[in-house]
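Note sheet for the following structure.
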Amino acid sequence: MQNPGLNDRRRLMILTLTCLILSLGGSAGAQSGRKNQTKNQPPPPIETPTPEPTPKPKSAEPIVPGIPVKVVSSSPQTAFMVFPFPENMPRWVAERLSSSSPLAVQAGGSANLPQAEKLAKAATDTFIVHVELEENPFAGPTPGGTRASNGQYWINFHVLTPVTGKIKKRGRIRLSPEILRGVGGVLNRKRSCAANMSNDDYLLREASFETAERVIASFDLPVPPRQCKPKI
């Protein structure tokens with residue numbers, strides 16, 4: 001005959017074990033459901049960065065001249081008796097000045113030195129370059145040549161500062177007859193740049209270029225080499 005108390009304990013143990021199995025099964029199912037739910041979710045969208053606009057290449061900026069210069073001139077009336085076109089002198093000076101790219105050169109017409117000083121004082125940023133063809137008033141007769149080829153002419157120049165009118169630089173360039181006396185070498189090559197000029201005009205041209213080069217140097221600028229294209 002079985003003990004009723006033992007049967008009760010067995011039934012209790014079976015019931016407890018059954019509840020434990022059901023509990024573990026439900027927990028595993030819940031976790032499996034969560035895993036399946038996680039696997040079925042679509043991946044988050046990948047953000048594509050907006051491309052930055054490509055900067056346009058900067059165009060090369062032209063060199064803007066930074067030093068305005070105006071050339072004015074004066075010459076004695078007697079210069080027309082020696083030089084066919086003495087007015088070429090300020091033109092040649094301006095031409096040579098223009099070979100220096102930092103200079104903005106303009107022609108200013110005729111003016112004596114006092115008038116040039118007034119122009120400088122009235123200017124805000126433009127330097128006035130006054131060039132004057134001058135002759136030796138005490139020169140005697142010139143046998144065997146002209147007054148120019150005998151060194152009786154020269155160019156005076158003044159660089160006048162804007163607003164104040166003060167002299168920044170001044171000097172004198174003599175028409176040197178020595179360059180006409182050389183034979184061969186550099187002197188002949190230089191003359192080939194102006195082969196059709198008279199001796200006097202050639203001397204005036206050379207002195208005009210040297211005057212301009214002195215003015216360029218007064219601004220602490222390098223003097224560009226002269227360009228010569230001889231005519232064939």
Margin query: Please evaluate residues Val105 and Val71 with respect to the criterion side-chain contact (heavy atoms from CB on, under 4.5 Å), reporting the C-alpha separation (whole Å), side-chain torsions for both, the decisive distance (0.1 Å), and the verdict.
Written below: CA-CA 7 Å; Val105 184; Val71 179; 4.2 Å; yes
Notebook entry, point to check: Linking I/L/V/M/F/W/Y whenever any side-chain heavy atoms sit under 4.5 Å apart, do Met89 and Val82 land together?
Noted result: yes
Check: What heavy-atom pair brings Leu175 and Ala207 nearest, and what distance separates the two atoms?
Finding: CD1-CB, 3.7 Å
Item checked: Heavy-atom side-chain contact between Trp154 and Glu132 under 4.5 Å -> no
Check: Sequence neighbours excluded, which residues qualify as salt bridge (Lys or Arg N to Asp or Glu O under 4.0 Å) partners of Arg170?
Finding: none
Next item on the list: Would you mind listing every side-chain hydrogen bond (donor to acceptor under 3.5 Å, both in side chains) that reaches into residues 71-82, with sequence neighbours excluded?
Entry: Ser74-His130, Thr78-Glu135
Next item on the list: Please identify each residue that fulfils side chain to side chain donor-acceptor pair (under 3.5 Å) with Thr164, with sequence neighbours left out.
Entry: none
Notebook entry, point to check: Under 4.5 Å between any side-chain heavy atoms of Ile155 and Leu204, yes or no?
Noted result: yes
Check: Just how far is it from atom CD1 of Ile173 to atom OG1 of Thr211, taken to the nearest 0.5 Å?
Finding: 4.5 Å
Next item on the list: Answer yes if Leu119 and Val159 sit in the same cluster of Ile, Leu, Val, Met, Phe, Trp and Tyr residues linked by side chain heavy atoms under 4.5 Å apart, and no otherwise.
Entry: no
Notebook entry, point to check: Who pairs with Trp92 by side chain to side chain donor-acceptor pair (under 3.5 Å), at least two apart in sequence or on another chain?
Noted result: none
Next item on the list: Would you mind reporting whether Leu97 and Val69 have side-chain heavy atoms less than 4.5 Å apart?
Entry: yes
Check: So, for Pro86 and Leu133, which heavy atoms are closest and what is the spacing to 0.1 Å?
Finding: CB-CD2, 4.2 Å
Notebook entry, point to check: Which atom pair, heavy atoms only, marks the closest approach of Ala120 to Leu160?
Noted result: CB-CB, 3.7 Å
Item checked: For Phe219, ring-ring contact (aromatic ring centres under 6.0 Å, His included) partners two or more places apart -> Phe127
Next item on the list: Check Gly66 against Pro68 and note the closest heavy-atom contact, atom names and distance.
Entry: O-CD, 3.6 Å
Item checked: Where Ile216 and Pro224 come nearest, the two heavy atoms and their spacing -> CD1-CD, 4.3 Å
Item checked: Contacts of type side chain to side chain donor-acceptor pair (under 3.5 Å), residue Arg91, not counting sequence neighbours -> Asn88
Next item on the list: Could you list the residues that satisfy side chain to side chain donor-acceptor pair (under 3.5 Å) with Arg172, not counting sequence neighbours?
Entry: Asn156
Item checked: Within residues 107-124 or reaching into it, pairs that qualify as side-chain hydrogen bond (donor to acceptor under 3.5 Å, both in side chains) - sequence neighbours excluded -> none
Notebook entry, point to check: Going hydrophobic residue to hydrophobic residue with side-chain gaps under 4.5 angstrom, can you get from Leu221 over to Phe209?
Noted result: yes
Margin query: Nearest 0.5 Å, please: how far is CZ in Phe157 from OG in Ser208?
Written below: 12.5 Å
Note to self: So, taking the atom named NZ in Lys168 and the one named CD1 in Ile128, what distance separates them when rounded to the nearest 0.5 Å?
What the structure shows: 14.0 Å
Next item on the list: Starting at NZ of Lys70, measure out to OG1 of Thr126 and round the result to the nearest 0.5 Å.
Entry: 6.5 Å
Item checked: All salt bridge (Lys or Arg N to Asp or Glu O under 4.0 Å) counterparts of Glu213, not counting sequence neighbours -> Arg96, Arg226
Checklist line | For Tyr153, all residues meeting ring-ring contact (aromatic ring centres under 6.0 Å, His included), sequence neighbours excluded | finding: Phe83
Next item on the list: Look at the side chain of Arg205 and the backbone N and O of Asp200, then say whether any donor-acceptor pair between them is shorter than 3.5 Å.
Entry: no
Notebook entry, point to check: Between CG of Asp201 and CD of Glu206, what distance do you get to the nearest 0.5 Å?
Noted result: 12.0 Å
Next item on the list: Indicate, with yes or no, if Val223 and Leu103 share a hydrophobic cluster defined by side-chain heavy-atom contacts under 4.5 Å among Ile, Leu, Val, Met, Phe, Trp and Tyr.
Entry: yes
Next item on the list: Is it possible for you to say whether Val93 and Val215 belong to one hydrophobic cluster, with membership spreading through side-chain heavy-atom contacts below 4.5 Å?
Entry: yes
